[in-house]
4 protein chains.
Amino acid sequence: MSYTVASAVEDPDLIQKRRKQIVDAATELFAKDGFFRTTIKDIAKLAGVSPGLVYQYVTDKDDVLLLVLLEVVEAYARELPVAIAKASSPLDRLVAAISAYCHIVDERRAATVLAYRSTKSLPKHKREIIQRGETQTNQIIADVIQECIEGGHIRDVNPELFAYQIVMNAHAWALKAWHLKTICTLEQYIDQSVSILLRGVLTKRGEAELTGR
Amino acid sequence: MSYTVASAVEDPDLIQKRRKQIVDAATELFAKDGFFRTTIKDIAKLAGVSPGLVYQYVTDKDDVLLLVLLEVVEAYARELPVAIAKASSPLDRLVAAISAYCHIVDERRAATVLAYRSTKSLPKHKREIIQRGETQTNQIIADVIQECIEGGHIRDVNPELFAYQIVMNAHAWALKAWHLKTICTLEQYIDQSVSILLRGVLTKRGEAELTGR
Amino acid sequence: MSYTVASAVEDPDLIQKRRKQIVDAATELFAKDGFFRTTIKDIAKLAGVSPGLVYQYVTDKDDVLLLVLLEVVEAYARELPVAIAKASSPLDRLVAAISAYCHIVDERRAATVLAYRSTKSLPKHKREIIQRGETQTNQIIADVIQECIEGGHIRDVNPELFAYQIVMNAHAWALKAWHLKTICTLEQYIDQSVSILLRGVLTKRGEAELTGR
Amino acid sequence: MSYTVASAVEDPDLIQKRRKQIVDAATELFAKDGFFRTTIKDIAKLAGVSPGLVYQYVTDKDDVLLLVLLEVVEAYARELPVAIAKASSPLDRLVAAISAYCHIVDERRAATVLAYRSTKSLPKHKREIIQRGETQTNQIIADVIQECIEGGHIRDVNPELFAYQIVMNAHAWALKAWHLKTICTLEQYIDQSVSILLRGVLTKRGEAELTGR
DNA sequence: CATGAATGAGCGTTCATTCAT
DNA sequence: TATGAATGAACGCTCATTCAT
């Protein structure tokens, strides 16, 4: 997930501190009002700095968005492996992945929606940085799937594709929260997701394994 | 799907004709450049009318977006029932729904992505009009699911929730086309979708029914 | 002196009218405060239009400057031939050129100074448009000089170079008006200019010709 | 050429050293990019100091310009007398002045152009400091002219005015270098300048004197 | 003395919207 | 009805200047 956003300031600690202020404020405002309706002045004000200050840590308004989306993508890449690591068997890892992804999304609903709304507002090059990050996170899930296939726990589906279905299923919780929240809780959503997504691919052995508990 | 977008012009035929010009142009441009980067002038030019003319058929730039999204939502509501009607058994209807929805999405990839990006740019009231339309379309699928459950073809899942999973699965084809297109064709995508989503919920009877052919 | 400054407005009469308003206002302000200290808003206000209007007739602030300088350069190209045409002999034409150029400069002192201050503020390409116009005007004088040389009225100097000296001598009246005005009138300036510049190059015949009157 | 640019620093040696750094850098940048397009940061960086440091030796950005222009004007005042002193007769001194001024200009073409572009950017008071310096340098030439007149070498022209013509003739070499350089060398330029400017004012005696060699 | 992060006023420019024709 | 010129508020961004360290 390599990227560099240029800054006029040298001190790395200061850069980190200021960028956090800016990104936090921007995330909140972008999520609430959208990228285009949010002004740099709004962000600066909420971050408690001057508008000019922002441009010492960022080249563009685009860059602010990039930083915000990067933060989201990195949070996924950071938290998902941790959740998976707790499970010991391949199948448990897969269940954990489905469930964990939904939880991570739930914690960052606004930011996840933002990613869908705004990634395309980024110039091609910056957009690709985000997409690369996304693909890498998906790969983590695809690897678990691959492992399950090789272990004979689930049948031979396209791992990448299945990973995408799991991811999209989780994202749906954020994208359609306005409605889903009216018909079920997060835990119910996860249960039905696991039950449908997983049962659709389990082998006999996998099935036995899962119900044996 | 009731809504009214005010117009200064009286003649309903003219309103329809002009709005079609405007909406067609806007759909193309919004999809390509996004709502905020598209100007009323751009739309007018592509529609072959003057910028002032637009405001005789629309109150706002927002209104243009509303009209565009309404058109998308209505297309779903129009085409989905047709596709389902061709199938004779409940289970076939469900398979048809999953497949048809993917096809409809594929034909309107840009517009579907647009809906995700831009619905939130609408003021609350207008946004709800769109969401209402979406919910109605989902209901069509939920009804098919309900029918399958009652017929004992699939087990007792939450119909609304399952409908959402089917819808999101289709939308994913548009939202992640940039990557999915690199790993499979639409038909492969549909196959794996049906296979996973459906197998996850089939009852013994449903299973027999499906493999019996 | 070909050039085109793009305009969003179609009607040529309107373009001409508005551009005149804008250029007149800009010329006054640029001359008084300089290009960089003058804002588009200042220009618009003095021209009696809105700031946005300016950008319907001009692409850039640079373009305003280009238009202003073009007007100056064209005024030279327009008025100089007229003044020269009145004289019947080559030598008279040369005297007329020296004198006329000074008068033209005097009438546009501010604009002439502006050209010296600001031409370099133009991007290379636009700058060259101006320089081309300047060179063309110089050529008019160089031609008269050539004619005088061929007629044996003045000795064999480099016509282009001598033309430049005549031009610079006139420009000096604008560039150093702050001081020259304290030591002589325009007519005195012209007299001494003619007397020095011309006497320095006259042949015997030319001398006789001139003093014979 | 009295002037004082205030400084927060006391040590005169340091002031001189720092100001030289600043002025050297500023001269280069102003000449290349113009006063307004050059930022204090640019200057500081090229001078190898911090932006804040600049403001310890200067009150204003204007002040930097003043210092730069002062340096130019002083260079003229310093070098011209030296060149003249070498000549022994009044007429030789006049020829030397014309020639030397052109050489001095040639060595500082960029700075000379800068003076024309930017002097007016100075507030009235600071501008007058520069103009005073300029006038003093001109006086040096005017004095030589006066001497020539009194000695009967040249006829009775307005010394100040003639001095201006000589100065402008030299400045032209810088101002119009973009074109003059394409038609002659500096030496050719000087030759034609001397030949035209001088021959225009020589008395019989002066003429004899000059051709006698 | 020197640094460089921080400020904030102000500029060029865009564009939704209006309205005379 | 339709046009398109005109408006002006608002935005992204720059940079001279200040000041705590």
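This one's a predicted model, so the numbers in the text were calculated from it and none came from an experiment. Lettering of chains follows the sequences in order, A, B, ..., and the numbering in each one begins at 1.
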Inset, instruction - Can you check each nucleotide of nucleotides 13-21 of chain E against protein heavy atoms at under 4.0 Å and return B for base, S for sugar-phosphate only, - for none, in 5' to 3' order? - result: BBSSBB---
Test: [X] and [Y] ion pair at under 4.0 Å:
X: R37(B); Y: D42(B); answer: no
X: E128(D); Y: K124(D); answer: yes
X: D13(D); Y: R18(D); answer: no

Inset, instruction - Compare side-chain N and O positions of S50(B) against OP1 and OP2 of dG4(F) and report whether any pair is under 4.0 Å apart. - result: no
Nearest whole angstrom, please: distance from the [atom2] of [N] to the [atom1] of [X].
X: D11(D); N: dA2(E); atom1: CG; atom2: C1'; answer: 14 Å
X: I43(B); N: dG4(F); atom1: CD1; atom2: P; answer: 17 Å
X: D13(A); N: dA5(E); atom1: CG; atom2: C1'; answer: 15 Å
X: I22(D); N: dT3(E); atom1: CD1; atom2: C1'; answer: 14 Å
X: K45(B); N: dG4(F); atom1: NZ; atom2: P; answer: 12 Å

Inset, instruction - Keeping the roles fixed (side chain from S50(D), backbone from A44(D)), state whether a donor-acceptor pair exists under 3.5 Å. - result: no
Legend entry - Donor-acceptor under 3.5 Å (K61(D) side chain, T38(D) main chain): yes
Legend entry - Contact nearer the 5' end of DNA chain F, comparing V49(C) with G48(B): G48(B)
Inset, instruction - Would you check if S118(B) and R117(A) make a side-chain contact, meaning some heavy-atom pair closer than 4.5 Å? - result: no
Legend entry - 5' precedence on DNA chain E between D42(C) and R18(D) (nearest-nucleotide basis): R18(D)
Legend entry - Pair partner, dT21(F) [Watson-Crick or wobble, under 3.5 Å]: dA2(E)
Legend entry - Who pairs with dC11(F) - Watson-Crick or G-U, where each distance is under 3.5 Å: dG12(E)
Inset, instruction - Assign A8(A) to base, sugar-phosphate, or nothing according to its heavy-atom contacts below 4.0 angstrom with the strands shown. - result: sugar-phosphate
